[in-house]
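Data block below; observations after.
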Amino acid sequence: MMMHIDVSSVLRQTVSCELYSNLVTRPTGAAVRTQIEALLADSRERSLTVIDFSHVGMIDFSCADEVIAKLLLRYANAERTDREAYFLFRGVTDDHWDAIETVLERHRLALVLETDDGARVVGIVDDGERVVWEKVYELGRTAPADLASALGAGESECEAALDALHRRRLVMRTDDGYIAVGGIGRPAA
Amino acid sequence: MTSVITVPPSLDDYTFEQVVDQLAAVPRDAKVIIDARHTRWASPFGLTALLTLGQTREERASFTAPDNEDTSSYWARTGFFRHAEELFDLHGSVPKARGGESSVLLEITPVTKSEDVHEVVGRIQQKAQQILAKELNIDAKATVGFAMTLSEVCQNIVEHAGRGGWVAVQTYTWRKRLGRRVVVIAVCDAGCGFRESLESAPGRIRGDRWDDAEALEEAVVRGVSRFRDPGRGQGLAGVRRYVGRWDGKVSVRSGTARIAIVPSWDDDVPLQEKLAPFPGSQVQVTIPERVSGGPR
């Protein structure tokens with residue numbers, strides 16, 4: 001199940017003013033996140049949600065911490081067994097990036113950004129994680145053996161890397177392999 | 001007995017100390033007259049700090065406006081008298097505000113709640129882009145960081161001060177110290193200040209040296225917040241980064257101390273202690289005009 005959340009619409013509902021298009025202040029961020037969480041409450045055990053910033057003017061550090069970091073910490077978290085939530089961030093521009101990058105670094109988080117050129121993983125990921133994620137994104141649905149073959153690495157090593165990315169909710173685990181968040185519906189290489 | 005507090009001819013974050021020094025000997029419930037008759041110029045910090053001074057008085061203070069017509073007319077255009085009349089008994093010639101002032105990016109605006117920060121950020125964005133790019137030779141992309149900086153310093157009032165304050169943003173040529181145009185954000189409140197805010201953190205243990213200066217170092221330099229939440233404290237850190245990127249300066253006065261992140265073009269003291277006490281927090285952010293070859 002894929003859900004689309006337009007953050008600017010949520011913002012306007014939250015601050016009850018049509019004119020505000022900026023995600024600023026911590027109370028606003030907390031209110032926006034609460035609204036997003038209410039929408040997520042209706043989703044299934046496993047869900048992919050597009051968080052769309054296309055119509056958001058700017059976001060400050062406090063709001064980024066409330067909306068993005070706390071959302072990821074709460075949902076994109078392997079410790080949470082009742083729900084597997086994945087997020088794909090869309091419409092993030094340079095105007096948003098400074099605040100988002102700061103909170104990702106602060107909490108050592110990573111997320112998947114959808115851009116005109118496809119999807120990419122950003123935030124705190126090491127080189128190994130990035131290589132594996134990009135290869136899974138390129139290959140489409142990937143079993144550990146496929147990845148091992150593509151990277152010339154050991155299968156158990158690849159399985160561990162895929163599991164680590166899954167725990168960070170950067171790849172989705174299916175019955176027959178893994179798919180990169182942002183890679184659903186994309187033709188396999 | 002009524003005490004007369006003389007406002008210096010040029011009022012900025014440095015000379016405001018002269019005002020605070022005079023106030024130090026006067027009990028809060030004593031009647032004071034703030035005499036600005038001979039003042040010719042005031043920075044946004046000076047004007048917003050004067051308003052917070054009005055907030056601190058238990059006995060409503062009197063305020064005598066500048067004699068100089070240009071000065072008082074300019075103060076009127078910044079919105080100073082509109083707010084001052086709620087805090088002081090005004091005397092002297094107080095002109096009505098007429099028309100906009102091109103160097104006033106944001107007239108003096110009260111900040112008490114989260115919605116005020118939305119309002120301030122919304123109002124600043126378009127004008128800031130024009131001023132930063134055309135007058136200060138700063139990349140238009142810096143506008144977003146400028147608005148973020150403004151948002152974070154205003155939020156300090158909402159989140160920590162415990163009472164409302166004011167913000168003002170203005171551009172001017174800083175001849176004395178820099179010889180270049182600058183854009184200045186001033187955010188002043190008379191709330192609880194950094195030390196009291198940090199002291200309210202649950203389970204906080206005070207070290208041997210715990211005073212306003214230490215509190216400012218913790219909050220401004222080390223990003224410590226009264227909240228346990230690890231995401232806290234990023235606002236001022238972000239302000240510091242932005243200011244560093246554009247060779248700017250940030251200074252924060254709280255209680256009896258003042259801390260400054262000092263760029264190479266300035267000779268300010270990084271940390272001043274044992275100043276005369278003044279309630280709340282007073283923040284100033286200065287971004288200078290970029291000269292060719294300067295930082296990007």
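Side-chain atoms are counted along with the backbone in the values below, which use heavy atoms only and exclude waters and symmetry mates. From a predicted model like this one, the values you see are computed outputs, not experimental measurements.
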Nearest-0.5 Å distance, CZ of residue Arg168(A) to CG of residue Leu72(A) | 10.0 Å

Assess whether atom CG of Asp126(A) is packed by more than 12 heavy atoms of other residues, nucleotides or ligands within 6.0 Å.
->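 For Asp126(A), atom CG is crowded (more than 12 foreign heavy atoms under 6.0 Å).
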
Any idea which heavy atoms bring Leu170(A) and Ala110(A) closest together, and the distance?
->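 Looking at all heavy atoms of both residues, the closest pair is CD2-O, 3.8 Å.
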
Determine the minimum heavy-atom distance between Val283(B) and Val250(B), stating which atoms define it.
->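 Minimum heavy-atom separation between Val283(B) and Val250(B): CG1-CG2, 4.4 Å.
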
Distance-only check: which donor-acceptor pairs of chain A and chain B lie under 3.5 Å?
from: Tyr20(A); atom 1: OH; to: Glu119(B); atom 2: OE1; distance (Å): 3.2
from: Asn22(A); atom 1: ND2; to: Gln125(B); atom 2: OE1; distance (Å): 3.0
from: Val24(A); atom 1: O; to: His118(B); atom 2: NE2; distance (Å): 3.2
from: Thr25(A); atom 1: OG1; to: Ser114(B); atom 2: OG; distance (Å): 2.7
from: Arg26(A); atom 1: N; to: Gln155(B); atom 2: OE1; distance (Å): 3.1
from: Arg26(A); atom 1: NH2; to: Gly231(B); atom 2: O; distance (Å): 3.4
from: Thr28(A); atom 1: OG1; to: His118(B); atom 2: NE2; distance (Å): 2.7
from: Asp60(A); atom 1: OD2; to: Ser151(B); atom 2: OG; distance (Å): 2.5
from: Asp60(A); atom 1: OD2; to: Gln155(B); atom 2: NE2; distance (Å): 2.7
from: Phe61(A); atom 1: N; to: Glu152(B); atom 2: OE2; distance (Å): 2.9
from: Ser62(A); atom 1: N; to: Glu152(B); atom 2: OE2; distance (Å): 3.0
from: Ser62(A); atom 1: OG; to: Glu152(B); atom 2: OE1; distance (Å): 2.8
from: Ser62(A); atom 1: OG; to: Glu152(B); atom 2: OE2; distance (Å): 3.3
from: Ser62(A); atom 1: OG; to: Gln155(B); atom 2: OE1; distance (Å): 3.4
from: Asp65(A); atom 1: OD1; to: Gln234(B); atom 2: NE2; distance (Å): 3.1
from: Lys70(A); atom 1: NZ; to: Asp229(B); atom 2: OD2; distance (Å): 2.7
from: Thr102(A); atom 1: OG1; to: Arg241(B); atom 2: NH2; distance (Å): 2.9
from: Arg106(A); atom 1: NE; to: Pro230(B); atom 2: O; distance (Å): 2.9
from: Arg106(A); atom 1: NH2; to: Pro230(B); atom 2: O; distance (Å): 3.2
from: Arg106(A); atom 1: NH2; to: Arg232(B); atom 2: O; distance (Å): 2.3

Consider only side-chain N and O atoms of Ser54(A) and Asp52(A), and report whether a donor and an acceptor are under 3.5 Å apart.
->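 Yes.
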
Given a strict heavy-atom distance threshold of 4.5 Å, which part of Leu23(A) is in contact with chain B: side chain, backbone, both, or neither?
->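 No part of it gets close to chain B.
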
Residue part contacting chain B, namely of Ala99(A), when any heavy atom lies under 4.5 Å =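 Both parts, backbone and side chain.
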
Is there a donor-acceptor contact under 3.5 Å from the side chain of Tyr178(A) to the main chain of Val136(A)?
-> no

Please check if the side chain of Arg46(A) supplies one atom and the backbone of Arg173(A) the other of a donor-acceptor pair under 3.5 Å.
->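 At least one qualifying donor-acceptor pair exists.
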
